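A note on names: the letters A, B, ... follow the listed sequences, proteins ahead of strands, and every chain is numbered from 1. Everything numeric in this text was worked out from a predicted model, so none of it was measured.
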Amino acid sequence: MEQKRHFSINLLEWYDKHKRDLPWRRHRNPYYIWVSEIMLQQTRVDTVIPFFNRFIERFPTVEDLADAPEQDVLKCWEGLGYYSRARNLQAAAKQVKELHGGIVPDDKASVFALKGVGPYTAGAILSIAFNKPEPAVDGNVMRVLSRYFLIEEDIMKGSTRAFMESLVVELIPDGRASDFNQALMELGALVCTPKSPHCLTCPVMEHCSARQEGKEEQLPIKTKAKPPRPEYRVVALVEGRGEHSGRVLIRQRPQEGLLARMWELPHLQTPAARSGRLPDEPAMDILAGALLEEGIAARPIAHLTDAEHTFSHIHWNLQVYRCREEDLPQAAELKAMYAAGDSGEPSVQTEYRWIDEQDMQHYAFPNVFLKILQNYFKHSSY
DNA sequence: AATCCGGGGTG
DNA sequence: CACCCAGGATT
């Protein structure tokens with residue numbers, strides 16, 4: 001069909017002139033492409049660039065990544081979000097080292113078998129790094145195609161994605177899979193933007209069906225995500241005394257689940273007051289009780305700050321209280337009990353550490369705790 | 001097919 | 001501030 005031919009030819013011509021100079025485009029190194037594609041999942045190019053440069057500097061090869069301590073990998077990912085991407089990437093690096101001698105495989109089955117690599121990323125690696133005619137359909141691509149071809153199906157449906165993938169395969173010009181897939185995404189990022197697309201500078205405007213129908217702003221059709229549910233939490237920022245003077249208490253999150261194995265300030269969920277936020281006195285009482293139960297010898301002193309953190313499905317409302325380490329004999333005994341007591345199950349004991357500002361270098365925190373800690377150390381004059 | 005995973009940008 | 005961006009794993 002003429003509309004398809006026009007699209008492929010003009011898009012490629014545009015890309016040859018407008019392609020951005022990006023760190024992972026300076027070499028055709030499959031490892032660079034792979035790392036960049038994982039980072040670019042749900043994350044914008046401008047955000048990714050500094051993280052990518054630091055990551056490659058720290059882990060120049062697949063083997064360096066495979067052999068690194070996981071905490072180093074998480075620390076390098078700190079602030080980028082979706083930390084399972086980092087954990088999966090390292091697990092996959094170990095796969096590549098052991099199964100493929102450290103060489104990123106170029107066959108579909110092997111690439112798809114890598115941890116953290118699904119249909120999109122497999123297609124991106126195979127096409128961009130190895131120029132194989134595989135589709136790499138992400139949000140950008142679905143937006144561009146839904147507009148140009150006036151596809152009014154819900155892009156959240158698997159069947160719509162499958163249709164788009166078959167369409168891309170038809171559109172890839174012989175021998176140009178790498179450039180073509182990158183061009184599609186580049187157009188979505190720079191021209192065919194979610195809001196107010198820049199149709200007047202678009203290389204394929206002439207035969208764009210949505211543009212002709214005046215529907216470009218209405219596409220793509222997409223079911224809305226559910227709003228995140230609110231959660232209310234009280235957080236303890238425990239200031240050490242005596243041998244812990246000038247340091248604060250942090251703990252490591254559980255091995256699995258949300259923010260797995262990252263570090264944080266001790267906190268617990270509380271019921272929501274009518275206004276959401278609990279009044280200080282009850283919140284401090286709850287926190288005091290919880291700290292004691294955890295075997296932490298500390299007492300809440302005063303409200304320090306509030307913070308928020310939004311995940312895709314949860315919205316944390318955090319009330320942070322400055323607490324003071326106490327040497328309560330009861331607490332010490334409780335702590336000893338907890339340490340010695342085992343319920344028979346191989347449960348991992350929560351790790352607690354006392355850290356100062358410099359020690360933060362060694363621990364990976366979610367942004368919300370990173371900011372609370374940085375702000376605290378900046379203003380505290382111990 | 002539905003749910004669980006962060007963080008930043010735009011208007 | 002409301003709204004947007006969305007791949008992969010798991011169940």
Do the ring planes of A:Phe311 and A:Trp316 sit parallel (below 30°), tilted (30 to 60°) or perpendicular (above 60°)? perpendicular
Parallel, tilted or perpendicular, as decided by the 30° and 60° cut-offs, for the rings of A:Phe149 and A:Phe7: tilted
Among [options], the one nearest [X] by side-chain distance:
{"X": "A:Leu258", "options": "C:dG7, B:dG9, B:dG6", "value": "B:dG6"}
{"X": "A:Pro194", "options": "B:dC4, C:dC5, B:dC5", "value": "C:dC5"}
{"X": "A:Tyr120", "options": "B:dG6, B:dT10, C:dG8", "value": "C:dG8"}
{"X": "A:Arg143", "options": "B:dT10, B:dG7, C:dC5", "value": "C:dC5"}
{"X": "A:Ser196", "options": "B:dG11, C:dT10, C:dG7", "value": "B:dG11"}
{"X": "A:Lys222", "options": "C:dC5, B:dC4, C:dG7", "value": "C:dC5"}
{"X": "A:Gln41", "options": "B:dG8, C:dG8, B:dG6", "value": "C:dG8"}

Please determine if a side-chain N or O atom of [X] lies less than 4.0 Å away from the OP1 or OP2 oxygen of [N].
{"X": "A:Thr121", "N": "C:dG8", "result": "yes"}
{"X": "A:His309", "N": "B:dG7", "result": "yes"}
{"X": "A:Asn88", "N": "C:dG7", "result": "no"}
{"X": "A:His313", "N": "B:dC5", "result": "yes"}

Length of the line joining [X]:[atom1] and [N]:[atom2], which is rounded to integer Å:
{"X": "A:Arg85", "N": "B:dC4", "atom1": "CZ", "atom2": "C1'", "result": "15 Å"}
{"X": "A:Arg87", "N": "C:dG8", "atom1": "CZ", "atom2": "P", "result": "16 Å"}
{"X": "A:Leu89", "N": "C:dG7", "atom1": "CG", "atom2": "P", "result": "17 Å"}
{"X": "A:Met156", "N": "C:dA6", "atom1": "CE", "atom2": "P", "result": "10 Å"}
{"X": "A:Trp34", "N": "C:dG8", "atom1": "CH2", "atom2": "C1'", "result": "15 Å"}
{"X": "A:Glu231", "N": "B:dC5", "atom1": "CD", "atom2": "P", "result": "10 Å"}
{"X": "A:His315", "N": "B:dC4", "atom1": "NE2", "atom2": "P", "result": "17 Å"}
{"X": "A:Arg161", "N": "C:dG7", "atom1": "CZ", "atom2": "P", "result": "6 Å"}

If the [atom1] atom of [N] is compared with that of [M], how far apart are they to the nearest Å?
{"N": "B:dG9", "M": "C:dG8", "atom1": "C1'", "value": "23 Å"}
{"N": "C:dA9", "M": "B:dG8", "atom1": "P", "value": "23 Å"}
{"N": "B:dC5", "M": "C:dC5", "atom1": "P", "value": "23 Å"}
{"N": "C:dT10", "M": "B:dG7", "atom1": "C1'", "value": "22 Å"}
{"N": "C:dA6", "M": "B:dT3", "atom1": "C1'", "value": "14 Å"}

Review point. Is the charged tip of A:Arg176 near the ring of A:Phe180: under 6.0 Å from the six-membered ring centre and within 45° of its axis?
Key: no
What contact category does [X] fall into here, base, sugar-phosphate, or nothing, at under 4.0 angstrom with non-hydrogen atoms?
{"X": "A:Thr47", "value": "sugar-phosphate"}
{"X": "A:Thr43", "value": "base"}
{"X": "A:Leu80", "value": "sugar-phosphate"}
{"X": "A:Lys115", "value": "sugar-phosphate"}
{"X": "A:Ile38", "value": "nothing"}
{"X": "A:Asp46", "value": "nothing"}

Of A:Arg229 and A:Pro366, the one whose nearest nucleotide on DNA chain B sits closer to the 5' end is A:Arg229
The answer to which of A:Gln42 and A:Lys157 contacts DNA chain B further toward the 5' end, by nearest nucleotide, is A:Lys157
Base of C:dA9 paired with side chain of A:Tyr82 (donor-acceptor, under 3.5 Å) = no
Rounded to the nearest 0.5 Å, the CD atom of A:Glu294 sits from the OG1 atom of A:Thr350 at a distance of 6.5 Å
Decide yes or no on salt bridge (Lys or Arg N to Asp or Glu O under 4.0 Å) for A:Arg247 and A:Asp359, but give the supporting numbers first.
CA-CA 9 Å; A:Arg247 292 188 277 170; A:Asp359 295 330; 5.2 Å; no
The single option from A:Lys75, A:Arg353, A:Met262 that satisfies side chain to side chain contact (heavy atoms under 4.5 Å, CB included) with A:Tyr363 is A:Arg353
- Step through the shown structure and confirm whether more than 12 heavy atoms of other residues, nucleotides or ligands are within 6.0 Å of CD1 on A:Ile103. no
